[in-house]
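Structure record follows, encoded as structure tokens.
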Amino acid sequence: MAAVVLVTGGTGLVGKAIEYVIEHEPAGSRFGKKPGETWIFASSRDADLRDPEETRKLFEKYKPTHVIHLAALVGGLFANRERKMTFLRDNMLINDNVLHTAYLQKTQKVISCLSTCVFPDKVEYPLTEEKVHLGPPHSSNFGYAHAKRMVDVQNHAYKEEFGCNFTSAIPTNVFGPHDNFDLKHAHVMPALIHKCFLAQKNGTPFKVMGDGSPLRQFIYSRDLAKLFIWQLREYDDVEPVILSVDEKDEISIRDLATSIVKVMKFDGKAEFENEANDNGQDRKPASNEKLLSLIGRDFKFTPFDVALQETATWFLENYANART
Ligand code: NDP
């Protein structure tokens with residue numbers, strides 16, 4: 001039977017990157033489109049997945065054999081901190097509807113997208129797949145984190161009771177074209193790109209919240225897309241896989257801001273507002289050892305500066321239509 005791959009959240013940062021890779025990699029190659037495959041990229045306009053009936057209709061319309069489940073209420077530190085209940089409930093509803101409908105419709109495989117926010121706040125680094133449930137998540141985003149963490153519980157329960165082939169991916173911070181560049185509610189990198197753009201345009205200082213010390217691992221959305229396609233085709237186990245660059249590729253917010261100044265050609269420097277309580281978690285390095293041992297150590301990640309430049313260029317070329 002020909003595969004029909006439904007990507008929920010197909011119009012977001014990660015969904016658009018999967019669409020790009022499927023269209024641009026050579027057909028039939030490891031990450032390109034295979035003969036007989038149909039890919040559907042669904043948005044909330046196709047179905048509000050918080051609603052069980054709309055979810056059922058979406059699945060009945062496309063009859064997916066495989067699902068990459070990306071749809072989620074997503075936001076940066078400040079959005080998560082302000083709307084914990086909304087992040088918890090919307091994401092729990094979306095995940096429950098997608099997984100239960102996939103079970104009822106006998107979907108062959110579902111990969112759901114978690115986040116490194118699911119990991120305990122107090123845990124020995126680096127983060128590895130078996131540490132997800134070892135303690136409570138960081139308080140700043142516990143609504144989102146608990147909803148995502150529950151997907152791993154659901155995957156195990158669906159497998160044990162009904163034999164479902166459900167699994168999950170845990171990406172670190174993602175960036176790339178089609179990101180949300182909203183100044184208040186976006187993740188740190190797109191928000192800084194937008195701030196830097198405005199500082200350049202208005203001749204004002206480029207101010208960065210926090211003291212610049214936290215470290216983060218960023219993965220380019222188009223690299224992440226390849227890893228999802230690999231996981232869809234080549235990985236059949238319920239346990240999650242961390243999809244990330246190497247631990248040694250952690251970068252500080254200070255260095256990130258400096259790189260953004262460079263790619264945006266800003267005539268000035270980033271200024272840090274120096275309040276450590278605006279920082280979020282100091283660092284949360286994740287290991288990509290399991291990933292590399294499975295996909296192969298020759299998998300090529302895009303160099304950070306190239307990926308950042310592509311993202312900034314996309315933002316500048318699409319400013320009128322980007323999520324700002
Ligand atoms: P985006 O915010 O860019 O996109 C979210 C997608 O989900 C959009 O397609 C949106 O549709 C859809 N969506 C939101 N709410 C609903 C709903 N109620 N019903 C149906 N669809 C809905 O997210 P990302 O691409 O950044 O994130 C994709 C996945 O990756 C998420 O699960 C997220 O938790 C995870 N993740 C993201 C990280 C990041 O740094 N961005 C880091 C780690 C994990 P529409 O376009 O119509 O609004």
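Along the sequence shown, residues carry numbers from 1. Side-chain atoms are counted along with the backbone in the values below, which use heavy atoms only and exclude waters and symmetry mates. Counting convention: from 1, in listed order, for ligands and their atoms alike.
- Judged by distance alone, the side chain of His138 and the main-chain N or O of Ser140 form a donor-acceptor pair under 3.5 Å.
- In this structure, Leu291 and Ile242 approach most closely via the heavy-atom pair CB-O, 3.5 Å.
- Heavy-atom contacts from other residues, nucleotides or ligands closer than 6.0 Å to CZ of Arg89 number 12 or fewer.
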- Any chance you could lay out the salt bridge (charged side-chain N to carboxylate O under 4.0 Å, His left out) test for Glu289 and Arg297, step after step, and finish with the verdict? CA-CA 9 Å; Glu289 180 51 35; Arg297 292 181 192 282; 2.6 Å; yes
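- For Glu124, the CD atom sits in a loose shell: 12 or fewer heavy atoms of surrounding residues, nucleotides or ligands are nearer than 6.0 Å.
- Sorted by chain and number, the residues within 4.0 Å of ligand 1 by heavy atom are Gly9, Gly10, Thr11, Gly12, Leu13, Val14, Ser43, Ser44, Ala47, Asp48, Leu49, Arg50, Leu70, Ala71, Ala72, Val74, Ile94, Cys113, Leu114, Ser115, Tyr144, Lys148, Pro171, Thr172, Asn173, Val174, His187, Arg323.
- A side-chain hydrogen bond (donor to acceptor under 3.5 Å, both in side chains) with Gln309 holds for exactly one of Thr313, Asp305, Thr311; it is Thr313.
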